[in-house]
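All of these numbers come straight from a predicted model, not from anything done at the bench.
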Amino acid sequence: MEASSFYEEKQLFRDNFYLSVCFDHFNRRLRVLDYRGNVIEIANEMITLATQHQYSKAIIYARREHVHVYVEKGFLLEAIFEGFYNGSHAYALTMYFDQERKQNNQWMKEDEILHKVIKTGVSSESKQELPKDCVLRKAEINDAEALKELYSNVFEIYPTPLNDPNYIKKLIKTDSIFYLIEKESKLISAASANLDRLYHNAEISDCATLPEYRKHGIMKHLIIHLEEELRHEKIFCAYSMARSLSYGMNAALQQLRYKYKGRMTNNCYIYNKLEDMNVWVKDLAYD
């Protein structure tokens, strides 16, 4: 499936404001990627655009001084991305446009998983060596087909078109870094860091491990290498969004000293349905 059928990114220029917007068709949501100008009019424009496209959710990462404006317009605070804007925090504010998108019957179960994860604390397990016969390396363009197969095998549904090797090649060529782990030349795990060079933050994303290898803690090795790359790029704000129902991924982030900073309700289609995503943030300058 072409990336354009998943989402379209556009820049909107008005008399008194500017918006960089992602029209996320697949996940039925409007995401404001950047903004400046009249924040009251920006809030109004977001509501108009989301309604016009029949989306059920709108999201903006607001600066602290603008949070009260969006709250007054009816937006809800769901998470805080510390250090997102060149060291200043971003506040994920959302608005819902239908009851089903706002409703969540798994919240208490997700809370139980989160509390269990937080109690585990920080582990030294990430310092252990990789299992025998495993090779960890940075992905190259010619790994796109194998990465596509991995993501297709792990996820029935994914919020971005990682089932398209051309899309993966585009990511690798631009501002995404992939690391992977192979066992006997078979790709068994991968993860990426998507870099924002304007505001110097990066999302640890696209984390996938074949089921039979998930008990070995190998994802933490991938994330550690991605963090090293980010430090080299002088990017110190790292964040990740993990499925709230996934104990393993949330535990891995907790053990690597990421801090829980909120939960995005029915945020995207992933694994096999629309799911909540826990937000985890880490300041790499102090780790």
Side-chain angles (χ1 to χ4, degrees), residues 1-81 84-85 89-111 155-161 203 205 239 241-245 261-279:
M1 187 180 293
E2 293 292 329
S4 60
S5 64
F6 270 75
Y7 64 87
E8 296 176 90
E9 295 181 5
K10 295 183 179 180
Q11 293 183 321
L12 306 180
F13 297 89
R14 303 291 187 261
D15 290 340
N16 56 357
F17 67 85
Y18 157 81
L19 281 181
S20 175
V21 183
C22 177
F23 294 91
D24 192 342
H25 311 311
F26 182 76
N27 294 294
R28 297 172 53 234
R29 61 185 182 175
L30 181 86
R31 291 192 299 125
V32 172
L33 306 176
D34 198 6
Y35 71 95
R36 60 178 180 269
N38 188 319
V39 291
I40 297 175
E41 291 302 317
I42 289 170
N44 291 335
E45 183 75 359
M46 288 180 64
I47 295 169
T48 298
L49 291 172
T51 302
Q52 287 177 348
H53 287 80
Q54 298 182 322
Y55 292 154
S56 52
K57 185 172 185 176
I59 308 168
I60 185 168
Y61 289 1
R63 278 80 168 176
R64 181 177 181 178
E65 60 270 25
H66 302 146
V67 170
H68 71 283
V69 176
Y70 295 107
V71 170
E72 290 166 4
K73 284 288 184 179
F75 284 75
L76 305 170
L77 177 64
E78 291 195 334
I80 301 172
F81 292 77
F84 186 90
Y85 286 120
H89 301 347
Y91 297 79
L93 293 148
T94 63
M95 180 175 284
Y96 294 85
F97 298 92
D98 70 44
Q99 182 64 34
E100 185 178 353
R101 186 73 181 245
K102 181 67 176 72
Q103 186 172 335
N104 179 358
N105 297 323
Q106 299 286 338
W107 196 269
M108 296 308 296
K109 181 178 180 180
E110 292 168 353
D111 273 351
F155 298 104
E156 181 179 337
I157 302 173
Y158 201 71
T160 57
E203 179 180 10
S205 186
Y239 68 93
M241 301 177 73
R243 293 174 52 239
S244 300
L245 291 170
K261 292 297 175 181
R263 189 179 306 164
M264 307 288 284
T265 302
N266 288 325
N267 196 58
C268 59
Y269 288 95
I270 187 169
Y271 196 64
N272 60 9
K273 62 183 181 302
L274 192 64
E275 293 205 20
D276 298 351
M277 303 294 285
N278 285 340
V279 174

Check Val279 against Ala79 and note the closest heavy-atom contact, atom names and distance.
-> CG2-CB, 3.6 Å
Please check if atom CD in Glu65 has more than 12 non-hydrogen atoms from other residues, nucleotides or ligands closer than 6.0 Å.
-> yes
Taking atom CG of Asn278 and atom CE of Met264, what is their separation to the nearest 0.5 Å?
-> 11.0 Å
CG/Asp15 to CD/Glu41 distance, rounded to the nearest 0.5 angstrom?
-> 10.0 Å
Kindly write out the residues that satisfy ring-ring contact (aromatic ring centres under 6.0 Å, His included) with Phe155, not counting sequence neighbours, or none if the list is empty.
-> Tyr158
Decide yes or no for Leu77 and Val71: does some side-chain heavy atom of the first lie under 4.5 Å from some side-chain heavy atom of the second?
-> no
Are any non-hydrogen side-chain atoms of Ile59 and Asn267 less than 4.5 angstrom apart?
-> yes
Could you list the residues that satisfy salt bridge (Lys or Arg N to Asp or Glu O under 4.0 Å) with Arg263, not counting sequence neighbours?
-> Glu110, Asp111
Say whether, by atom type as modelled, one donor and one acceptor occur between the side chain of Asn266 and the main chain of Arg101 under 3.5 angstrom.
-> yes
Interatomic distance, Ser244 atom OG to Trp107 atom CH2 [nearest 0.5 angstrom] = 7.0 Å
Met241 CE to Ile270 CD1 distance, which is reported to the nearest 0.5 Å | 9.5 Å
To the nearest 0.5 Å, what is the distance between CG (Leu33) and SG (Cys22)?
-> 5.5 Å
Mind checking side chain to side chain contact (heavy atoms under 4.5 Å, CB included) for Gln52 and listing every partner two or more places apart, or none if nothing turns up?
-> Thr48, Leu49
So, does Asn27 use its side chain to make a donor-acceptor pair with the main chain of Arg29 at under 3.5 Å?
-> no
Contacts of type side-chain hydrogen bond (donor to acceptor under 3.5 Å, both in side chains), residue Arg31, not counting sequence neighbours | none
With a 4.5 Å heavy-atom cut-off, do Met95 and Ile60 have their side chains touching?
-> no
Are side-chain heavy atoms of Val67 and His89 found at a separation under 4.5 Å?
-> no
Go through the structure and list residues passing salt bridge (Lys or Arg N to Asp or Glu O under 4.0 Å) with Arg36, not counting sequence neighbours.
-> none
Answer yes or no: does atom CZ of Arg14 have more than 12 heavy-atom neighbours from other residues, nucleotides or ligands under 6.0 Å?
-> yes
Has the side chain of Lys57 got a donor or acceptor atom that lies under 3.5 Å from a matching backbone atom of Thr265?
-> yes
Counting N and O atoms only, with roles assigned by atom type, does the side chain of Asp24 sit under 3.5 Å from a partner on the main chain of Tyr7, one being a donor and the other an acceptor?
-> no
Those residues that, when tested against Glu203, pass side-chain hydrogen bond (donor to acceptor under 3.5 Å, both in side chains) (two or more places apart) = none
side-chain hydrogen bond (donor to acceptor under 3.5 Å, both in side chains) partners of Asp276, counting only residues at least two apart = Asn104
Of all residues at least two apart in sequence or in a different chain, which pass the ring-ring contact (aromatic ring centres under 6.0 Å, His included) check with Tyr96?
-> none
With sequence neighbours excluded, tell me which residues meet side-chain hydrogen bond (donor to acceptor under 3.5 Å, both in side chains) with Gln11.
-> Tyr18
Could you state the interatomic distance from CD1 (Ile40) to CD (Glu45), rounded to the nearest 0.5 Å?
-> 14.5 Å
Set of ring-ring contact (aromatic ring centres under 6.0 Å, His included) partners for Phe17, sequence neighbours left out | none
Taking only residues two or more places apart in sequence, or in another chain, which ones meet Arg63 in a salt bridge (Lys or Arg N to Asp or Glu O under 4.0 Å)?
-> Asp34
Could you pull out the closest heavy-atom pair between Pro159 and Phe6, with the gap in Å?
-> O-CD2, 3.5 Å
Sub-4.5 Å side-chain heavy-atom contact between Glu100 and Leu274 = no
Which pairs with one or both residues in residues 54-73 pass ring-ring contact (aromatic ring centres under 6.0 Å, His included), sequence neighbours excluded?
-> Tyr35-His66, His53-Tyr55, Tyr61-Phe81, Tyr61-Phe84, Tyr70-Phe75
